[in-house]
Amino acid sequence: MSDTRPRRTFAVISHPDAGKSTTTEALALHARVITEAGAVHGKGDRRATVSDWMAMEKARGISITSAALQFVYHDHVINLVDTPGHSDFSEDTYRVLSAVDSAVMLVDAGKGLEPQTLKLFKVCALRGIPVITVINKWDRPGLSALELMDLIEKEIKLRPTPLTWPVGEAGDFRGVLDRRSGDFIKYTRTAGGATRAPEQRLAPDEVDENDAQVWADAVEEHELLSLDGADHDQDRFLAGETTPVMFASALQNFGVAQLLDLLLELAPGPSPTLGVDGSVREPQDDFSAFVFKVQSGMNNAHRDRLAYARVVSGTFERGMVVTHAGSGRPFATKFAQAVFGRETTSVEYAEPGDIIGFVNAQALRVGDTVYVGDPIEFPPVPSFAPEHFMAASARDIGRYKQFRRGIEQLDQEGVVQVLRSDLRGDQSPVLAAVGPMQFEVVEDRMANEFNSPIRLSRLDYKVARRTDATGATALAGVRGVEVLQRSDGSHLALFVDQWRANVTARDNPEIMLEALPAGGV
Ligand code: G4P
């Protein structure tokens with residue numbers, strides 16, 4: 001039978017090295033899914049996101065896909081959706097964030113707000129995703145807590161509302177003051193954080209003499225924060241005006257249980273979702289889901305193409321016949337079995353908030369909707385303005401078929417945007433990326449997965465604007481601009497620089513030349 005326990009579907013996001021993998025492990029540890037952290041602690045295995053999950057799954061026997069980790073905590077089902085770490089994949093992150101109801105932002109206490117932290121906060125704001133902020137690595141020397149609050153307020157324009165406040169400065173982490181109860185949650189260090197860190201809840205009059213001074217400091221700062229109005233307000237949090245903050249050391253497993261408790265208490269569950277025509281799908285309505293990620297060749301044993309979808313409404317049952325909103329065609333999920341983790345485990349049921357992977361459902365693309373009952377189509381995920389462009393061709397002309405198949409697959413997955421024109425022909429499409437690392441992925445996968453090594457030659461364009469068929473005709477032959485078509489049918493005009501784009505727009509006011517959302521946000 002379907003498991004209808006309440007869902008919390010969220011992503012942990014951060015600048016690389018702030019502790020995302022460590023936190024993920026610690027979360028699963030506290031959820032009592034796994035018994036002891038540490039064994040997976042080899043950086044080598046954790047470098048690539050995909051292998052992170054796979055390695056963890058192997059070592060722990062927990063339910064993981066390369067897209068989501070699912071576990072039970074205090075009678076809730078938690079779906080932790082994975083996001084790519086590097087800023088070059090911001091488009092991917094943006095898509096993945098369309099599948100979550102909230103985000104946990106990790107900030108390295110020693111480094112403060114880093115470039116990727118700022119970008120991700122903006123992405124969350126754009127998508128209207130409430131963010132819980134975790135100041136991590138408090139066991140190491142770092143900035144002062146008040147200073148960090150100041151940075152969040154000034155640079156992100158979000159009001160930080162700390163729910164816990166550190167007792168002891170960064171590097172001397174004794175525990176936290178629970179700002180709502182006034183209690184001291186005292187931590188006891190364990191060797192390497194190998195087991196769940198014992199936490200002791202003490203009333204203020206039970207605070208040990210050794211901690212008296214740091215406790216008094218924490219109380220004073222907590223009172224200052226209250227005077228300043230920095231207390232949690234659920235409505236403002238959900239409206240994206242404030243971010244609850246807590247202090248942790250993922251490595252020591254400090255604060256991780258509190259984070260889980262907060263997710264249950266404050267983070268929103270699945271909510272009604274708006275379709276493109278303005279209709280609303282309530283979580284209890286008929287089944288619907290949208291595809292936020294398509295991936296193939298995730299590991300050597302698993303060559304299938306998986307289309308990951310988030311359940312928006314209703315209960316998914318394996319074998320269900322659903323309608324593909326784009327084509328209006330029915331498709332049977334009994335052939336497109338939904339899986340979690342290794343291919344042997346299949347999901348029989350899924351509820352709103354859960355992530356299901358449709359196996360080899362070739363028709364499904366990123367942004368697609370599938371449904372049962374009343375038709376619904378969810379808004380497409382916008383693509384970002386590419387800033388890097390390469391002409392691609394097969395190194396070996398004899399492998400043209402593999403080349404075409406590979407490019408098409410990578411296009412569908414959204415690894416890069418693929419642009420074509422009659423002039424360049426199908427043999428030499430233009431690959432457009434938000435970040436240059438996307439090209440490395442293409443080169444690697446074309447060679448190893450599709451058996452067609454490719455040649456990439458850099459094109460001198462830096463700016464893309466959206467135009468239409470009329471614009472494409474009008475711009476043909478204009479100097480310094482080339483118009484190509486994306487596989488979704490839209491036309492992109494590429495310019496060597498911003499200046500040229502602006503001048504062309506000014507001189508041709510009748511031509512549509514629309515800016516795309518910036519990838520760097
Ligand atoms: P990421 O996924 O966000 O990139 O970060 P990851 O968890 O890999 O953590 C990056 C480094 O920071 C790791 O150290 C990790 O052990 C350390 N770290 C994470 N959380 C904490 C914390 O709360 N306190 C302290 N002191 N360190 C933390 P590394 O040396 O790069 O790797 P490893 O050899 O320890 O695995």
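Quick note: residue numbers are just sequence positions, from 1. Ligands are counted one by one from 1 in listed order, and the atoms in each one are counted from 1 as well.
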query: What do we get for Asp17 next to ligand 1 when only non-hydrogen atoms under 4.0 Å count, side chain, backbone, both or neither?
result: both

- prompt: Angle class for the Phe184/Trp215 ring planes (parallel below 30°, perpendicular above 60°, tilted otherwise)?
  reply: tilted

query: Would you say Pro16 and ligand 1 have an N/O pair spaced under 3.5 Å apart?
result: no

message: Please evaluate residues Tyr349 and Phe316 with respect to the criterion ring pair (Phe, Tyr, Trp, His ring centres under 6.0 Å), reporting the C-alpha separation (whole Å), side-chain torsions for both, the decisive distance (0.1 Å), and the verdict.
response: CA-CA 5 Å; Tyr349 298 94; Phe316 171 80; 8.7 Å; no

message: When you compare the side chain of Leu146 with that of Leu225, does any pair of heavy atoms fall below 4.5 Å?
response: yes

task: For ligand 1, indicate whether the residue Ser21 contacts it via side chain, backbone, both or neither (heavy-atom separation under 4.0 Å).
output: both

statement: Near Ser249 (heavy-atom distance under 4.0 Å), the atoms of ligand 1 are 22 (C), 23 (O), 24 (N)

message: So if I count the atoms of ligand 1 from 1 in the order they appear, which ones are less than 4.0 Å from some heavy atom of Ser14?
response: 3 (O)

Sub-4.0 Å atoms of ligand 1 with respect to non-hydrogen atoms of Ala250: 23 (O)

- prompt: Heavy-atom count around Arg127 CZ within 6.0 Å, excluding the residue itself: above 12?
  reply: yes

message: Regarding Arg140 and Ser249, do their side chains bring together a donor and an acceptor under 3.5 Å, going by distance alone?
response: no

- prompt: Within a radius of less than 6.0 Å around CD of Glu443, do more than 12 heavy atoms belonging to other residues, nucleotides or ligands occur?
  reply: yes

query: Is any side-chain heavy atom of His74 less than 4.5 Å from a side-chain heavy atom of Asp261?
result: yes

query: Considering Lys137, Lys20, Gln116, which one's heavy-atom position lies nearest to atom 3 (O) of ligand 1?
result: Lys20

- prompt: If you measure from atom 15 (C) of ligand 1 to every heavy atom of Asp108, Thr22, Asp139, which option wins on shortest distance?
  reply: Thr22

query: So is Asn136 polar-close to ligand 1, meaning N/O to N/O under 3.5 Å?
result: yes

